[in-house]
There are 4 protein chains.
Amino acid sequence: MIFRKKFDSFYSYLAHRMNVQSEIKDKKDSIINSTLELIRDHGFHGTTISLISEKAGVAAGTIYHYFVNKDAIILELYNTIREEMLVAMFGEAKKEKEYRIQFFRGWKDLCKYFINNPSRLIFIEQYNCSPYFNLNKKKQSKIPVNQFNEFFQYGMDNGYLKKMEYNLVASVVFGGIIATAKYHIFGKFGYTDNDLCKIANIIWDGIKRQEISNKVSIII
Amino acid sequence: MIFRKKFDSFYSYLAHRMNVQSEIKDKKDSIINSTLELIRDHGFHGTTISLISEKAGVAAGTIYHYFVNKDAIILELYNTIREEMLVAMFGEAKKEKEYRIQFFRGWKDLCKYFINNPSRLIFIEQYNCSPYFNLNKKKQSKIPVNQFNEFFQYGMDNGYLKKMEYNLVASVVFGGIIATAKYHIFGKFGYTDNDLCKIANIIWDGIKRQEISNKVSIII
Amino acid sequence: MIFRKKFDSFYSYLAHRMNVQSEIKDKKDSIINSTLELIRDHGFHGTTISLISEKAGVAAGTIYHYFVNKDAIILELYNTIREEMLVAMFGEAKKEKEYRIQFFRGWKDLCKYFINNPSRLIFIEQYNCSPYFNLNKKKQSKIPVNQFNEFFQYGMDNGYLKKMEYNLVASVVFGGIIATAKYHIFGKFGYTDNDLCKIANIIWDGIKRQEISNKVSIII
Amino acid sequence: MIFRKKFDSFYSYLAHRMNVQSEIKDKKDSIINSTLELIRDHGFHGTTISLISEKAGVAAGTIYHYFVNKDAIILELYNTIREEMLVAMFGEAKKEKEYRIQFFRGWKDLCKYFINNPSRLIFIEQYNCSPYFNLNKKKQSKIPVNQFNEFFQYGMDNGYLKKMEYNLVASVVFGGIIATAKYHIFGKFGYTDNDLCKIANIIWDGIKRQEISNKVSIII
DNA sequence: AATGAATGAGCGTTCATTCAT
DNA sequence: TATGAATGAACGCTCATTCAT
């Protein structure tokens with residue numbers, strides 16, 4: 001067996017493998033996290049490979065063992081944060097039974113995720129404004145559904161939400177979350193839980209299926 | 001009179017002046033417009049001086065007759081678009097008497113401005129995510145009021161809107177406009193006028209002063 | 001006659017011509033003098049055409065009516081200052097009868113010329129260090145004699161000076177003048193007339209023909 | 001010991017270290033030496049990064065691994081030559097016992113250093129005329145003493161030299177050395193050792209303490 | 001796997017010079 | 001004669017990426 005040459009036993013080999021794995025994860029994570037912090041402080045353009053290598057404590061060349069190029073770091077960061085957002089939004093919410101409560105729980109939890117991780121908020125904001133976004137959007141267009149739009153689609157199909165395109169709901173819901181988190185982080189006063197609930201209410205009123213209403217919409 | 005020396009009449013002088021002015025304006029405008037389109041296609045960082053000079057049909061050095069550096073082009077573009085936004089939002093709206101109608105007219109007109117000028121929308125979005133924003137924000141902080149926050153302040157002072165920080169109203173209102181315009185431009189189906197009105201209604205409901213309500217906010 | 005068309009009389013034509021001449025001289029002088037001051041403040045490299053045109057109060061293009069290129073301004077400045085140096089050194093000195101007194105008068109007068117015209121001193125110093133020097137030296141090598149080396153040659157031929165190459169005497173004499181002027185201008189304390197005479201004495205002792213001397217030169 | 005991991009023995013480690021060191025020194029030296037020769041031929045301004053990289057046989061970017069910018073190359077060159085000058089002047093001279101002999105030996109040795117290294121002479125001459133000089137002069141002003149002025153101060157304190165400002169002695173002594181070396185290099189005929197001694201004698205006579213003299217200084 | 005010296009295309013910017021007016 | 005907008009080659013410098021060790 002190949003591990004015989006270097007290792008006393010299968011267990012020491014395994015231990016080594018695990019150690020290496022963890023080191024690899026450590027190094028990759030270090031690169032990812034350093035990039036995230038650098039983008040928060042210097043933006044996409046100001047985050048150079050040499051800055052990343054310095055902050056991550058690895059040589060510049062080492063970065064290219066883990067990522068084919070600089071864009072790949074950003075893409076991985078983006079995908080990681082997207083997953084975290086998914087967990088943040090639905091981790092607790094899916095335990096609720098009522099659709100409306102699921103929405104409120106999810107909206108608030110995702111909003112708090114950004115409030116507690118400002119560098120992730122800044123990254124996502126910058127990413128959506130950058131050429132990376134359009135590049136990645138094309139790739140994403142091949143993925144027909146994901147958990148976000150499944151949730152909204154479910155709401156529409158079951159009469160909870162107005163029938164409209166997924167993107168629009170997403171814009172309003174996520175736009176609201178991001179605007180709220182931004183204001184909390186950069187504004188003079190932070191929000192209370194109560195404030196967050198009120199804002200979520202506004203959004204919900206906007207996207208929920210309208211009952212036969214005696215409220216007259218203004219049309220000009 | 002000074003124009004006598006070189007020109008046959010005041011009118012030929014004026015014609016000359018206008019011609020010169022228009023040529024200057026042509027070249028400067030060409031640089032500005034080329035930059036705008038390039039930013040739409042390649043982002044801030046991807047818009048190089050050599051690309052601008054190529055697209056504008058001028059030598060690279062010529063750009064530096066009209067702008068001290070690359071940042072100055074972007075800043076001028078920003079200020080121009082800000083002014084256009086102001087005109088787009090309030091040009092017609094201020095003719096209305098009722099505050100609520102002013103809001104709807106303004107919201108819709110600004111939304112349409114972005115729908116009809118996608119490159120301006122993309123520029124503003126990128127600008128707000130970039131280091132340029134923070135640079136300019138400091139300068140703007142010295143200007144105590146502008147027409148945008150005057151309008152919202154008026155609404156709060158006169159009981160039309162909930163009392164809150166200017167930045168938050170701006171986030172919700174402009175965030176809504178931008179999200180809507182983006183969806184119209186990049187989404188599969190465009191919006192009708194009716195759709196825009198419905199979205200404006202949602203925003204208005206969010207920011208208007210709440211009447212004593214029997215609607216119970218959900219708090220979790 | 002051609003002047004009839006524009007001028008009332010020959011005299012008014014002449015007056016115009018003289019005025020134009022003087023304007024031309026004014027403009028050329030303005031360019032020359034501005035260049036001199038700019039070189040004093042910013043060095044050769046830092047003195048740009050646009051700075052000269054600004055300081056001289058003429059358009060950049062106008063400079064090219066008077067000089068074929070930037071180097072020509074510098075060359076003319078050099079030749080002008082060389083002439084002024086000649087006048088400064090020999091203007092009064094040649095009125096003296098005794099060769100030794102001629103030397104002292106000339107040395108002191110040239111030294112004072114630099115002390116009173118620091119920008120000229122700085123120019124000459126920079127010129128001698130620049131590639132212009134080598135360029136011009138080749139042109140000058142065609143001029144076999146000038147007033148400077150004539151004076152030293154005369155001193156050698158008539159037994160006042162040690163017989164040596166002209167360039168060496170020049171180095172020692174002009175090197176002394178420039179070092180002294182520099183010290184006066186940039187040093188903490190200025191020189192008195194008496195100080196200048198003492199330094200001239202040192203130089204004279206160095207270059208004058210040695211009498212039969214009991215002073216033993218050191219040779220190692 | 002850390003070298004054990006990669007190298008068979010301390011000697012192979014040392015050999016490796018020396019090899020690496022020497023390679024680094026080779027590349028840095030190549031840049032330095034190429035710059036020196038290019039400045040001799042084209043002046044400061046004419047010595048471009050692309051010329052240096054071409055002559056040194058390295059990529060333009062490589063230069064910036066060894067020097068923060070172009071000025072840093074010139075500053076290092078200046079400091080190196082200053083040190084060489086110090087060694088050239090005092091290396092042998094300090095072995096002499098008599099102050100006067102020390103002066104003659106030092107003067108001649110430094111003069112010969114420049115005669116044998118014309119590119120260093122030209123560099124120093126250009127440096128002293130350039131903005132770099134003033135930049136560095138301010139830094140040097142913080143260093144209260146160096147070996148050059150210590151030597152002259154000693155001479156003044158012990159009655160060998162006239163009491164005067166350090167700068168003046170330096171001007172006369174170094175001005176003489178540089179003028180002599182220049183004449184030797186650019187003049188038609190080179191100097192013999194005897195010639196150098198004679199010139200040194202002239203300088204010495206100028207700066208040495210005057211005995212009670214029946215020689216009358218001329219004052220006009 | 002890890003390094004970091006080396007690369008060189010490409011960046012933003014400058015500036016002597018030209019030329020239509 | 002005088003202008004100054006326009007030019008574009010060339011500058012110093014950056015930085016993502018490569019590769020020998």
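Side-chain N/O atoms of D:Lys27 include none lying less than 4.0 angstrom from OP1 or OP2 on E:dA5. OP1 or OP2 of E:dA5 has not a single side-chain nitrogen or oxygen of D:Thr62 nearer than 4.0 Å. When the side-chain nitrogen and oxygen atoms of A:Ser50 are compared with OP1 and OP2 of F:dC15, none of them lie within a distance under 4.0 Å.
The side chain of B:Ala59 has F:dG8 as its nearest neighbour among E:dT7, E:dG4, F:dG8. Among the nucleotides E:dG8, F:dA2, E:dG12, the one closest to any side-chain atom of B:Lys70 is E:dG12. When each of F:dC11, F:dT7, E:dG12 is scored by its nearest atom to the side-chain atoms of B:Tyr64, the top-ranked nucleotide is E:dG12.
Mapping D:Ile49 and A:Val68 onto DNA chain F by nearest heavy atom places D:Ile49 closer to the 5' end of the strand. Each of A:Thr47 and C:His65 was matched to the nucleotide of DNA chain F holding its nearest heavy atom; the match closer to the 5' end belongs to C:His65.
The distance from atom CZ of D:Phe67 to atom P of E:dA6 is 12 Å, rounded to the nearest whole Å. Taking atom CZ on A:Phe44 and atom P on F:dC15, their separation rounds to 17 Å, with Å as the unit. E:dA6 atom P lies 11 Å from atom CG of D:Asp26, rounded to whole Å. Atom CG of D:Asp71 and atom P of F:dC11 are 16 Å apart (whole Å). Per the geometry, CG belonging to D:Leu38 stands 15 Å off C1' belonging to F:dG12, to the nearest Å. Taking atom NE2 of C:His45 as the reference point, atom P of E:dC15 lies 7 Å away to the nearest angstrom. The CD atom of C:Glu54 sits 14 Å away from the P atom of F:dT3 (whole-angstrom rounding). Rounding to whole angstrom units, CG of residue C:Asn69 and C1' of E:dT18 are separated by 13 Å.
Among B:Leu36, B:Ile124, B:Ile31, the single residue meeting the side chain to side chain contact (heavy atoms under 4.5 Å, CB included) criterion with B:Leu77 is B:Leu36.
A donor-acceptor pair under 3.5 Å links the side-chain atoms of B:Gln126 to the main chain of B:Phe44, judged by distance alone. Judged by distance alone, with hydrogens and angles left aside, the side-chain atoms of C:Thr47 form a donor-acceptor pair with the main-chain N or O of C:Gly43 at under 3.5 Å. A donor-acceptor contact shorter than 3.5 Å links the side chain of A:Ser30 to the backbone of A:Ala56.
Among the heavy atoms of the strands lying under 4.0 Å from C:Thr48 are primed sugar atoms or P, OP1, OP2 only; no base atom is included.
Figure legend: cation-pi geometry between A:Lys28 and A:Phe67, with NZ or CZ positioned under 6.0 Å from the six-membered ring centre and within 45° of its axis.
Partner assigned to F:dT3 is E:dA20, using Watson-Crick or G-U wobble distances below 3.5 angstrom. Both distances falling under 3.5 Å, in either a Watson-Crick or a G-U wobble arrangement, place E:dG10 opposite F:dC13.
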